[in-house]
Amino acid sequence: MRMGVDYYPEHWDRSMWEDDARLMRDTGISLIRVAEFAWSRLEPTEGQYDFAWLDDAISIFANHGIQVVIGTPSCTPPNWLVEKHPDVLPIDALLHPKHSGVRGHRCYNSPSMRQYTAKIVERMAAHYADHPAVIGWQTDNEFGLHECHCDHCNVRFREWLKDKYGSVEAINEAWGTVVWSGEYSSWSQITTPLGGTKHQNPSFVLDYTRFETDSVVEFQQLQIDILRKLCPNHFVTHNIWSYPMPLDYYKLCENLDFASLDYYPSTDPEKADSNGYSGALTLDLTRGVKRRNFWIMETISGPPGCWFPMWRTPHPGFIRAFGWQSIARGADTLVHFRWRSAPTGAEQFWHGLIDHSNVPGRRFEEYRQLCGEVEKLAPLLDGTEVQGEVAILHSHEQYSAFRIQPQVEGMDYFDNLKSIHRAFTKLGIMTDVLDEAADLSGYKLIIAPSLFLLDPELVSRLEEYVRNGATLILTPRTGVKNRNNVCWIQPLPGPLSEAAGVTVAEYDPIGKDTHTLRWKDGKTYSCSQWCDILEPQGADALAWYEDDFYAGQPAVTGHAVGQGNVYYVGTVPEEAFYLDFFRDIAEQLDLVRFSGLPEGVQHAVRTKGTSRYLFLLNLTRKQQTVPLDRVCQSLLDGQSIGPSLNMAPYAVEIVELSR
Ligand code: GAL
Ligand code: ZN
């Protein structure tokens with residue numbers, strides 16, 4: 001477990017490197033990430049590589065015991081490359097090129113882009129393979145999908161479709177192109193989805209999104225192959241941006257050693273009670289990408305801003321608390337963005353740990369404290385992991401399918417997943433957030449929000465977990481379509497109807513209207529977005545609607561299957577419903593739970609063998625009291641704490657739980 005910073009030696013006069021390195025060492029930093037945008041310095045003109053400046057910088061840092069992660073610079077093809085081979089630029093749906101001078105201006109399928117990337121990565125890998133200070137690589141920077149419609153992408157897209165479907169007839173069939181006379185009679189008629197209209201065939205657009213993910217994965221794989229071959233002793237990772245994301249991170253990270261996340265929690269005081277919850281989800285998702293601990297490759301160090309007005313500066317305690325939150329949920333290394341604010345360029349006001357003044361201030365002192373604490377606790381925390389008893393399923397593909405066809409105003413796949421996760425976090429129940437394709441054996445409870453696209457294979461896996469004792473919770477818009485994004489011709493929830501023991505007689509997309517739901521004990525809750533009017537086919541009704549022509553009709557059902565249960569929640573209820581419902585289920589299933597957390601305070605547990613470390617984080621601007629129900633010794637400062645724990649704004653406590 002260690003601390004690092006993102007450092008751009010090329011942004012500073014050389015005379016500053018030595019002082020920076022010394023201050024880093026004195027602060028407890030043992031790692032820098034460098035070079036991910038430095039192509040124009042590493043290869044100033046074609047074929048003229050210049051690594052001398054980076055060697056000099058690295059050796060200064062190495063002399064102070066600081067190790068190095070090198071970023072491959074493929075996110076920023078330099079101007080000479082763009083000038084010589086304009087096909088490196090991505091082309092948008094209206095056939096305009098995305099210009100250079102910003103970043104991310106690279107078509108993943110451009111042969112020149114691939115060739116020049118391979119060359120520079122090979123040179124860098126060969127040069128640094130045996131450097132004693134270099135420990136690993138980051139590919140590119142924050143890959144994303146940018147919809148390229150260039151000729152190369154069109155050729156590759158047709159090849160991709162040939163591989164998948166074999167014939168034009170099979171595509172016509174799979175996508176249902178008969179609608180609006182969209183049938184293809186030859187391959188040459190198939191292009192990427194040009195024109196940028198929302199009226200395109202959803203099956204076509206979803207396949208194009210998959211193709212784009214595969215293009216990124218291939219582009220990255222080219223780099224991974226080189227790095228594996230030339231640097232067998234180094235790790236390879238990538239810094240994923242955040243969520244939600246159409247790019248499939250599970251595929252992107254498949255051949256990496258671990259995932260890294262760039263984590264920028266909002267500093268907005270109005271979000272102070274809530275932003276820790278979306279952060280918790282992002283961290284749980286990142287841990288789920290490879291089902292193992294991860295790195296934070298960038299995180300907040302000061303007020304963000306630049307091409308948008310600046311956010312508030314991190315409140316005292318914020319940088320430290322969110323650093324610990326990342327560790328609590330599975331980060332093993334924290335790399336802060338960035339050491340010092342840039343005096344030039346597009347990100348002048350995305351502040352680093354040190355301001356333009358070059359005088360380390362309040363934020364730096366807080367960061368220094370965090371470094372000291374991490375160093376102190378590393379021997380205990382190294383090798384510890386996070387494991388939940390509850391799995392929440394996530395899918396980039398479901399997210400894309402909903403993005404292609406928004407179902408009703410106010411319904412957002414990811415926001416709905418967020419509310420479910422937030423309820424568990426508030427209840428003090430740790431969750432693993434996993435790819436819907438992941439092996440879920442061992443989980444007592446599985447929540448599968450809106451499995452819009454559903455295939456028989458996923459259905460039979462879910463059914464089997466349930467038969468073997470798992471509880472499964474389904475929500476609206478489940479089983480609507482097959483993987484071709486084509487509707488199932490059968491009652492909802494489609495292929496899961498049998499397991500759910502219920503069908504949907506009719507639905508009402510109520511959007512932002514609110515309705516009321518009555519639980520069997522008489523308690524009422526509001527609901528919105530969607531109302532599935534349910535017809536039990538073996539399931540028991542557990543809650544009913546109170547409004548409209550379907551007043552009295554079932555809204556939530558439960559169905560015993562084998563040793564398990566399937567719940568179908570036919571609407572999108574307010575949080576209070578989730579809290580009560582999940583609390584009940586947690587009691588029935590005897591799930592481990594930290595009860596009594598006040599709003600905005602989070603817990604997490606990291607374990608190794610029989611050692612268990614409890615983290616308590618007050619991620620709010622308020623003083624809070626937490627029922628610890630025992631007296632413990634703080635691992636941070638050795639003080640006795642509890643049984644009732646007073647937490648100042650952004651306070652953090654870490655204790656070892658007795659066995
Ligand atoms: C990240 C990116 C960094 C930097 C940072 C602040 O998304 O990877 O290079 O731009 O945001 O804007
Ligand atoms: Zn392209």
Side-chain angles (χ1 to χ4, degrees), residues 93 144-147 174-176 179 193 196-213 240-252 278 281-282 284-285 288-289 392-422 433-438 446-455 458-459 462 473-488 492-496 504 507-513 527-532 568-573 578:
L145 302 186
H146 49 34
E147 280 211 20
W175 292 354
V179 174
T197 161
K198 286 184 190 311
H199 297 90
Q200 261 142 350
N201 181 318
S203 306
F204 165 43
V205 182
L206 185 63
D207 262 341
Y208 175 66
T209 308
R210 292 179 176 127
F211 158 75
E212 286 188 283
T213 279
I240 61 175
W241 174 72
S242 192
Y243 291 85
M245 234 304 149
L247 167 63
D248 192 320
Y249 285 153
Y250 302 107
K251 287 191 176 166
L252 182 72
S278 46
L281 170 58
T282 306
D284 286 357
L285 275 159
V289 172
I392 301 179
L393 302 193
H394 163 261
S395 155
H396 295 276
E397 206 164 280
Q398 307 285 3
Y399 168 69
S400 290
F402 279 108
R403 230 172 46 135
I404 294 167
Q405 284 178 318
Q407 294 292 286
V408 62
E409 213 191 329
M411 180 181 254
D412 180 282
Y413 168 77
F414 195 77
D415 283 345
N416 286 346
L417 195 154
K418 224 188 239 180
S419 341
I420 290 171
H421 183 269
R422 187 174 55 219
V433 187
L434 301 174
D435 183 7
E436 62 186 4
I446 301 167
I447 329 290
S450 299
L451 297 176
F452 193 47
L453 309 171
L454 197 52
D455 56 86
L458 179 55
V459 171
L462 292 174
I473 300 179
L474 304 172
T475 74
R477 307 317 281 143
T478 290
V480 178
K481 300 187 175 199
N482 67 17
R483 291 282 167 186
N484 288 333
N485 215 358
V486 166
C487 294
W488 287 104
L492 295 168
L496 270 167
V504 176
Y507 49 71
D508 188 4
I510 63 172
K512 296 198 161 149
D513 289 349
C527 59
S528 62
Q529 300 182 22
W530 196 270
C531 294
D532 277 334
Y568 189 90
V569 180
T571 182
V572 183
Y578 283 141

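As the structure is a computational prediction, the values presented were derived from the model and not from experiment.
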| message | I'd like to check Leu462 versus Leu451 (side-chain heavy atoms, cut-off strictly below 4.5 Å). Are they in contact? | response | yes
Next item on the list: Go through the steps for Leu252 and Thr213 under the test side-chain contact (heavy atoms from CB on, under 4.5 Å), then give the verdict.
Entry: CA-CA 8 Å; Leu252 182 72; Thr213 279; over 6 Å; no
In this structure, OG1 of Thr282 is separated from NE2 of His421 (nearest 0.5 Å) by 8.5 Å
Between Tyr249 and Asp435: side-chain donor-acceptor atoms closer than 3.5 Å: no
For Tyr568 and Pro476, the nearest pair of non-hydrogen atoms, with its separation, is OH-CA, 3.7 Å
Just so I know, are the side chains of Leu496 and Leu454 near enough to count as touching, which here means a heavy-atom distance under 4.5 Å? yes
Residue set satisfying ring-ring contact (aromatic ring centres under 6.0 Å, His included) with Tyr578, at least two apart, ordered chain then number -> Phe582
CD1 (Ile420) and CD1 (Ile473) are apart, to the nearest 0.5 Å, by 8.0 Å
Salt bridge (charged side-chain N to carboxylate O under 4.0 Å, His left out) filter on Asp415, not counting sequence neighbours, yields Lys418
Of all heavy-atom pairs linking Gln200 and Thr197, the shortest is OE1-O, 3.1 Å
Review point. Are a donor atom and an acceptor atom from the side chains of Trp175 and Asp207 found within less than 3.5 Å of each other?
Key: yes
Taken to the nearest 0.5 Å, the spacing of Arg403 CZ from Tyr399 OH works out to 4.5 Å
- Task: Spell out, as yes or no, whether a donor-acceptor pair under 3.5 Å connects the side chain of Asp532 to the backbone of Tyr507.
- Result: no
Let me check something: any side-chain donor-acceptor pairs from residues 404-411 under 3.5 Å, sequence neighbours excluded? List them with distances.
from	atom 1	to	atom 2	distance (Å)
Gln405	OE1	Lys481	NZ	2.5
Gln407	OE1	Arg477	NE	2.9
Gln407	OE1	Arg477	NH2	2.9
Gln407	NE2	Gln405	O	2.9

Short side-chain to backbone donor-acceptor contact, Thr571 and Trp530, under 3.5 Å: yes
Is there a side-chain contact between Leu281 and Phe414 (heavy atoms, below 4.5 Å)?
yes
Contacts of Asp455 meeting salt bridge (charged side-chain N to carboxylate O under 4.0 Å, His left out) (sequence neighbours excluded), chain-then-number -> Arg483
Across all chains, not counting sequence neighbours, the ring-ring contact (aromatic ring centres under 6.0 Å, His included) partners of Phe452 are Phe402
Taken in chain and number order and not counting sequence neighbours, the residues that satisfy ring-ring contact (aromatic ring centres under 6.0 Å, His included) with Tyr250 are His394, His396
- Please examine the side chains of Leu453 and Leu206, heavy atoms only from C-beta on, and report whether any two atoms are closer than 4.5 Å. yes
With sequence neighbours left out, the residues meeting salt bridge (charged side-chain N to carboxylate O under 4.0 Å, His left out) with Asp248 are none
Closest non-hydrogen atoms of Leu434 and Gly288, given as atom of the first, atom of the second and distance, are CD2-CA, 3.9 Å
Any non-hydrogen side-chain atom of Pro244 less than 4.5 Å from a side-chain atom of Tyr413? no
So CG of Leu393 and OG of Ser450: to nearest 0.5 Å the spacing works out to 11.5 Å
Q) Does the side chain of Val569 come within less than 4.5 Å of Leu474's, by heavy atoms? A) no
side-chain hydrogen bond (donor to acceptor under 3.5 Å, both in side chains) filter on Asn482, not counting sequence neighbours, yields none
### Query
Below 4.5 Å, heavy atoms only, C-beta onward: do Ser528 and Asp513 meet side chain to side chain?
no
Between Ala93 and Pro193, the two heavy atoms sitting closest are CB-O, 4.2 Å
Applying side-chain hydrogen bond (donor to acceptor under 3.5 Å, both in side chains) to Gln529 and not counting sequence neighbours gives Asn416
Value for CD1 (Ile447) from CD1 (Ile392), rounded to nearest 0.5 Å, stands at 6.0 Å
Taken in chain and number order and not counting sequence neighbours, the residues that satisfy side-chain hydrogen bond (donor to acceptor under 3.5 Å, both in side chains) with Ser395 are Glu436
For Arg422, the salt bridge (charged side-chain N to carboxylate O under 4.0 Å, His left out) test, sequence neighbours excluded, returns Glu575
SG of Cys531 to CD1 of Ile510, rounded to nearest 0.5 Å, is 3.5 Å
Worksheet entry | Val572/Thr475 under side-chain contact (heavy atoms from CB on, under 4.5 Å): CA gap, chis, key distance, verdict | CA-CA 8 Å; Val572 183; Thr475 74; over 6 Å; no
Residue set satisfying side-chain hydrogen bond (donor to acceptor under 3.5 Å, both in side chains) with Glu147, at least two apart, ordered chain then number -> His149
- Item | Pairwise side-chain contact, Leu492 with Val480, heavy-atom cut-off 4.5 Å (strictly under) | yes
